[in-house]
Amino acid sequence: MTDSRKPEPDAPIAERVRALEEALDAKGLVPEGFLEKRAEQAQESFDPKNGARVVARAWLDPAFRARLLADGAAASAELGFRAANSEYLVVLENTDAVHNVIVCTQCSCTAWSVIGLPPDWYKSPAYRARVVREPRALLRGMGLDLPEQVAIRVWDTSGETRFMVLPQRPAGTEGWSEERLAGIVTREALIGVARVAGTDFMNA
Amino acid sequence: MTDSRKPEPDAPIAERVRALEEALDAKGLVPEGFLEKRAEQAQESFDPKNGARVVARAWLDPAFRARLLADGAAASAELGFRAANSEYLVVLENTDAVHNVIVCTQCSCTAWSVIGLPPDWYKSPAYRARVVREPRALLRGMGLDLPEQVAIRVWDTSGETRFMVLPQRPAGTEGWSEERLAGIVTREALIGVARVAGTDFMNA
Amino acid sequence: MDGIHDLGGMSGFGAVEIERNEPVFHERWEARAFALNNLGIRILEAYNVHEYRHAVERMDPSHYLAASYYERWFTGVATLLVEKGVVTRDELEARAGGRFPLARPAAEVKPIRVTPGAQPRFAAGDRVRVRDVHPAGHTRAPRYVRGRRGVVLRASRAFELPDLAGHALAAHLEQTYHVEFEARELWTDAAESRETVVVDLWESYLEPVG
Amino acid sequence: MDGIHDLGGMSGFGAVEIERNEPVFHERWEARAFALNNLGIRILEAYNVHEYRHAVERMDPSHYLAASYYERWFTGVATLLVEKGVVTRDELEARAGGRFPLARPAAEVKPIRVTPGAQPRFAAGDRVRVRDVHPAGHTRAPRYVRGRRGVVLRASRAFELPDLAGHALAAHLEQTYHVEFEARELWTDAAESRETVVVDLWESYLEPVG
């Protein structure tokens, strides 16, 4: 087969998934309800709202913030967010001088327990290819225009450490409750492609 | 647009080609018969039989062989095979010690006037990727099993020089005419992914 | 392997757009594919997560780029379940009613027995260089840092060496490091200013810089 | 640019099979696409061959790998005829009755005025190193030799520097060289034995090795 002579088309992906599921089921290898339960679990427990709550707590509680920066997994576990494999979680603190942003160039690893399953843009070849090479231009294109004097540190999740960005608390949020603060922290801010804006919005 | 949400499908390639042709034609930019004539010319004048004749002559005429190795374009022109842009053609002589093979890793350049327009396998990403990294294994997979003691020299057509391999004349062809010899030299041998076998075959 | 998955630094891609209110799964089959990997690793114990990553890497480059994330994910899972003999490709094609693309076979990788020396070998602030190697099998040292010099930010934890675990070979625990590279060291003339990339690397990927 | 076209050394591809009695063109549109490029370059004089090559390189990587050779060829031609204002994308889409994919825009590349010194600077037998650069625009130094050391086999001829000509900038004639690299220098541990690769490189891609 050469590149210009096309083979017959693949079975549609939904059919292929069904086929594997049925083949395994026919051999009695799928515990009843396992697939449904696991998919539900994923949607419930891997939620960027978890990371948002961690961030809000860190903004309000300096002692928690210190613990979080020292041991991200242990501090997140205080709020009930535990990774399956006692993950090593490193929290990256954004400051006026340094902006952190996370990628996984070789696949699409993320800290599921606090950031959730990664969004499509994070998994796209374009993001994976560009953010390590031209982060400033890429972030600008995504709507985050960082001043030249802010250094950018890109973290490639090439090993087993997982990362989460601790964004800067926006001005104008003095006196807000932890819940209200958590409501403005987006998944994009936890990855580092957005700042947190000091206005409430529906986090649907 | 992200990598998993598919845009609407492209217009079929044949329709796209027709569309461009018609758009240019509507503007009066296509001289009558130009496209037909050019396509015909390509099929007639860019023919590996040209290179085969050059090789056969070199096998029979030591003086021609010397001129060919010194200046491939000039020697080929003696037989009437001229490149459009007074191409710089370097002829690579296979010996018992060194086997030469040609590729263009970045596009698919070839010496059209003697090798012809490149075949699909030469243009395939697989060939372009693999031959500079694992030539021996690749050639073995293509049916050319070179002894370990034969060095392989891979030529990447990254510049404007064009290359043609001068294969070894096979045993058992003593006394053959130039025409008969030319008949056993394949395009694959001119590129270096095959040896010339000492048996006639239909070069359809 | 120097596969298509190793995308860091490749030019030619376009804009990255964020989908508003993106659901966790866009289609039902994505959720099923997600769960099937969990089944393969945790319930069937047919393979480990490193083998899964490598199976995705072994997809045909054209299929890899054309496929969505969960299609890549699923192709890795299906490939391993076929390779491990849990199901056959024939049975999958029969049930799917059509062609069922899988990843290409893995290269042969030899087991290595390592008696780890005193670890960690490097400490924060040490200058290191990523070994300039081209492994045929699974590795997690991206090409864009190979041969490049960086500075250790921190000795992280020890994890199984993926170069072995990715081929179902006994893998020792090995120290990892967060190593920071200046953009100019990675991209020379093309570098933007005031930028660094931190890459998480196993100890055996690194050598000291004198 | 470090694009998908720069395939030398990428792993993950399969077998290469030779088609018996392969026709020059498999379909009528291939012959027309072939001729259209000739029209664009020689009759319309809308662009040069270097710009054509670069236009193909600028295709989306996924489209590049999925497309056949003449689809890539045609996409380069159509892209340039749109960029040069000969036709519009809208008119092409209207006539084609559907989406008409083109390559992405070129990077901005600055003209450089070179007063070539005494050429050739290198002679057969000289040891050279390919500059370790990452140009944003067109170049013909493949990634797999950048930063690598080789030996000049011969000073070839002088040709227009494609890094300029590929962007329609005035390009000077510059000496080229056939430079031979040991497989071990290129692929380290992955190298097969007794193999070399010769790459045809412009003088400004090279620096002397002391």
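Side chains are part of it too, since the values below use all heavy atoms of this structure and drop only hydrogens, waters and symmetry mates. Just so we're on the same page: letters track the sequence lines, and every chain starts at 1.
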Using modelled atom types and a 3.5 Å cut-off, is there a donor and acceptor pairing between side-chain atoms of B:R16 and backbone atoms of D:A96? no
Part of D:R53 lying under 4.5 Å from any heavy atom of chain B: side chain
Validation row: B:L24, D:V87 side chains within 4.5 angstrom (heavy atoms): yes
Is it true that D:R95 and B:E21 have a side-chain N and a carboxylate O under 4.0 angstrom from each other? no
Does the side chain of D:H178 come within less than 4.5 Å of B:V90's, by heavy atoms? yes
Can you tell me how far OG of D:S11 sits from CZ of B:R130, rounded to the nearest 0.5 angstrom? 9.5 Å
Pairs touching residues 30-45 of chain B that satisfy salt bridge (charged side-chain N to carboxylate O under 4.0 Å, His left out), sequence neighbours left out: B:E36-D:R32
If the threshold is 4.0 Å, N to carboxylate O, is there a salt bridge linking D:E180 and B:R153? yes
Over 60° means perpendicular and under 30° means parallel, so tell me whether B:Y88 and D:F159 are parallel, tilted or perpendicular. tilted
Below 4.5 Å from any heavy atom of chain B, which atoms of D:Y177 appear? Answer side chain, backbone, both or neither. neither
Has B:W155 got a side-chain atom pairing as donor or acceptor with D:D200's backbone, closer than 3.5 angstrom? no
Taking the six-membered ring for Trp, is the centroid-to-centroid distance between D:F34 and B:W112 below 6.0 Å? yes
Is B:L117 in contact with chain D via its backbone, its side chain, both, or neither, using a 4.5 Å heavy-atom distance? side chain
